[in-house]
Amino acid sequence: MRVFRQIVVVGVGAAITFGNVGHSAAAQSAVKSPENSAQSNQLPMGQNVKLESQTTPEQPSESIALSPSIQSQDNWATGNPQPLGSNSQNLHQSPPVVANVESATPAPTAIAQGAPSPQNPNIIPVPSSLTPPPSNTPGENFPPPTPKGILQTQPPRTLEPNPNPLLFPTQPLDVRIEETQSISLQQAVDLARRNSQTLQISQLQLQQTQAALREQQAALYPDLNFQMNATRSLSAGGEIQVRSQQRINNFQANQTGRPAAQATPNFASNSLNSTLQLSYDVDLFGRRSANIRAAQEQLRLRELEVERQAEQLRFDVTDAYYNLQDADGQVAIRQASVRNAQQSLRDAEALERAGVGTRFAVLQAQANLANEQQQLANARRDQRIRQRQLSELLNISQSSNLTAADPVEQAGSWRLSLEESIVQAFKNRAELEQQLVQRDLSKQQRRSILAGRLPQLNVSGSYNVQGQNSENPNPFAAHGWADGYAIQASLTWSIFDGGAAKARVKQRDADIAIAESRFDQTRNQVRREVEQAYFGLESSFENIETSEAGVLQSREALRLARLRFQAGVGTQTDVIQAETDLTRAERNRLLAIIGYNRSLSSLQRAVSNLPGNNLSRTP
């Protein structure tokens, strides 16, 4: 017997219609009730969600489904995107309803199973157990990479944070939520790339490393220095000698009675001295080139770190978005549970008034309703927390809040086999290449230390121009300009430094061994991450199929339990237990879909650089 399913996505919730060929005429002719389809429930943060009730007059139960239309494994194996069911008149879909949201982004249509995703062109839904054998044609299983743009979407400008990073709100109005914006997953990723402080810090550190490389490359050129000194001098000692000579002349004049002769005055002198010096360090043993290579490896290390941060940021944003979808789905499920509990309470009260029911059944229904209302309040609390966590990660405006616009559906599937995924991860992961680059960096630093112990040769040449002018009118006093030059070669050899250089060499040898060990450790970790995500993807895919059947069975069990209770042959306990089973089944289906998407995101992170990134060059 084949069961055909199709999802109807409504805001953060969804409804599903089941057509079971040969099961019952009532199941095939089930259509949505106008009364139920018109109902809407106000969600917190200004978002309305319409929940359809796929019931007949004999089926008062209400539930929601959050999965996309999932084909049978026959179509998963063949990749046929066409639906299996021919009774399409029994399948209904309602448009999403978004209220109190400016510039609301419409929910994208569900990705047809068996066809490539527009956002993931290399991900085609084929279950791992039915993965086709790899083709011998080169490149068939590995589509050409799609270059990544800075922004693949245009997130709303109203979510832009304040350009002042030192903004410090001091008033309650500064942090009050004034707008709730619905965004898709791709928009969230683009917002994170543009606003993330972690990524901005990594890019600034990359710029620092680029400047450090340019600093090392400057040693390839000679140093040219110019120096000029201008001096005006009047000697204090000369002034004392003039005064002393004048006293002697005065004394002699008093003895002889002749006029005293004037002593020679202390004349000031002006001088100008300029020097142009050119020096160059002759790299005899490769110390300079080793420093430049070390700076280049450091730059490469920073580039890989930026790549790693970008991949991790995409994974963190995706995980936070799925957490929000999970919280939205939990709210929708709890709302449906509250309505089911209210219906059970109305049935129990009606039977009590008719004299065929008991007060005990009414009290049971009231207690069950109170429990469901409490669970709904907790689900709304978790929803608000997930919204703020995503807002914090995206670093949006202080006055904005976020809701998920994408429907809760399978994000796609994985084409590569487990072995191909592991090999791709070894080729693409920046963490592995970082250890290789760290090893080469330590080698260059070791080479620079060894070269520093060898003789260092420095050659320099200088040209000097000097001029002097004295205020002394004596024609024999020094006047005029003169020039000269000097050529010098300096050889320096550190013969003994107490073993400091040898100790630094041992440190670099240890760094090389550590990098090699970490490469081995990281390689094993990468394989474990790929296998863990791959096995999780397989398990979640199987759980989706199982949970779909469980929801169908639980819904039918609840319908029969209510019919038995209304006929007086069943108990209220049976109805409550059936409602609990239906809620658990719907929650299991939600967790299966969200778990599948998380496993797919983890697998993409474990492999990395999908659809393409030209930074990784590991052979």
Side-chain angles (χ1 to χ4, degrees), residues 7 9 12-14 65-68 70 107-108 110-111 113 117 119-120 122-129 183-189 192 310-333 379 382-383 385-387 389-390 392-394 402-416 418 421-422 424-425 429 525-548 586-611:
I7 320 212
V9 177
V12 299
L66 300 161
S67 62
I70 304 176
I111 300 174
Q113 303 299 320
S117 165
Q119 297 179 359
N120 300 309
N122 62 332
I123 298 177
I124 296 179
V126 177
S128 56
S129 59
I183 64 172
S184 64
L185 175 58
Q186 187 59 53
Q187 287 177 329
V189 173
E311 288 290 330
Q312 186 64 34
L313 179 64
R314 183 203 62 80
F315 172 75
D316 292 341
V317 172
T318 303
D319 188 64
Y321 195 88
Y322 289 151
N323 288 339
L324 178 56
Q325 284 187 328
D326 185 14
D328 292 341
Q330 295 291 351
V331 169
I333 289 175
D382 296 338
Q383 183 187 46
I385 293 175
R386 298 304 184 187
Q387 288 174 344
Q389 288 177 344
L390 181 61
E392 177 189 3
L393 189 59
L394 300 188
L402 297 176
T403 59
D406 289 347
V408 180
E409 62 183 13
Q410 285 181 248
S413 189
W414 194 254
R415 169 184 285 274
L416 306 179
L418 176 59
S421 301
I422 294 174
Q424 284 294 99
R429 287 292 290 268
Q525 179 181 352
V526 167
R527 172 163 185 165
R528 189 258 305 163
E529 291 176 356
V530 173
E531 292 174 337
Q532 180 176 345
Y534 198 92
F535 297 149
L537 196 67
E538 287 183 328
S539 175
S540 298
F541 175 77
E542 296 174 358
N543 290 339
I544 291 175
E545 293 292 330
T546 304
S547 61
E548 289 288 346
E586 290 173 340
R587 186 173 183 273
N588 290 338
R589 179 176 54 190
L590 173 65
L591 294 179
I593 296 175
I594 297 296
Y596 180 91
N597 292 341
R598 283 175 177 157
S599 298
L600 181 60
S601 178
S602 298
L603 188 54
Q604 292 173 346
R605 173 65 184 97
V607 175
S608 294
N609 298 308
L610 293 174

- Query: So do the side chains of Trp414 and Gln604 get within less than 4.5 Å of each other, counting heavy atoms only?
  - Reply: yes

- Task: Quick one: closest heavy-atom pair of Val530 and Leu603, and the distance?
- Result: O-CD1, 3.7 Å

- Message: Any heavy-atom pair between the side chains of Gln330 and Leu591 that's under 4.5 Å?
- Response: yes

- Item | Considering all heavy atoms, the nearest Ser540-Ala592 contact | CB-O, 3.8 Å

- Query: So how far is it from Tyr321 OH to Gln186 CD, rounded to the nearest 0.5 Å?
  - Reply: 10.5 Å

- Nearest 0.5 Å please: distance from the CD atom of Glu586 over to the CG atom of Leu590. 9.5 Å

- Query: Leu324 and Ala404: which non-hydrogen atoms are nearest, and at how many Å?
  - Reply: CD2-N, 3.7 Å

- Message: Strictly distance-based, threshold 3.5 Å: is any side-chain N or O of Tyr322 a donor or acceptor partner for the main-chain N or O of Gly595?
- Response: no

- Glu538 and Ser599, any side-chain heavy atoms less than 4.5 Å apart: no

- Message: Run the salt bridge (charged side-chain N to carboxylate O under 4.0 Å, His left out) test against Asp316 and tell me which residues pass, sequence neighbours left out.
- Response: none

- Are any side-chain N or O atoms of Asp319 and backbone N or O atoms of Phe315, one a donor and one an acceptor, separated by less than 3.5 Å? no

- Query: Is there side-chain contact between Leu393 and Gln389, with at least one heavy-atom pair below 4.5 Å?
  - Reply: no

- Shortest non-hydrogen contact from Val331 toward Ala379: CG2-O, 3.5 Å

- Query: Is there a side-chain contact between Asn588 and Asn543, using heavy atoms and a 4.5 Å cut-off?
  - Reply: no

- Query: Between atom CZ of Phe541 and atom CD1 of Ile593, what is the distance when rounded to the nearest 0.5 Å?
  - Reply: 12.0 Å

- Polar contact flag, side-chain donor to acceptor under 3.5 angstrom, Gln387-Gln383: no

- When every non-hydrogen atom of Arg386 is compared with those of Ala327, the smallest separation belongs to CG-CB, 3.8 Å

- Task: Enter the distance from Leu418:CG to Glu531:CD here, rounded to the nearest 0.5 Å.
- Result: 5.5 Å

- Query: Any side-chain heavy-atom pair from Asp326 and Val408 closer than 4.5 angstrom?
  - Reply: no

- Query: Looking only at heavy atoms, what is the nearest atom pair of Gly412 and Tyr596, with distance?
  - Reply: O-OH, 2.6 Å

- Query: Is the CZ atom of Arg605 crowded by more than 12 outside heavy atoms at less than 6.0 Å?
  - Reply: yes

- Is a side-chain donor or acceptor of Ser602 paired with a backbone partner of Arg598 at a separation under 3.5 angstrom? yes

- Taking the side chain from Gln325 and the backbone from Asp406, do they hold a donor-acceptor pair closer than 3.5 Å? yes

- Taking it one step at a time, do Gln525 and Arg429 satisfy side-chain contact (heavy atoms from CB on, under 4.5 Å)? CA-CA 11 Å; Gln525 179 181 352; Arg429 287 292 290 268; 5.8 Å; no

- Query: Can you tell if the side chain of Leu416 reaches within under 4.5 Å of the side chain of Val607, non-hydrogen atoms only?
  - Reply: no

- Message: Let me confirm one number: the CD1-CG distance from Ile385 to Asn323, rounded to the nearest 0.5 Å.
- Response: 11.5 Å

- So how far is it from Gln312 CD to Ser608 OG, rounded to the nearest 0.5 Å? 9.0 Å

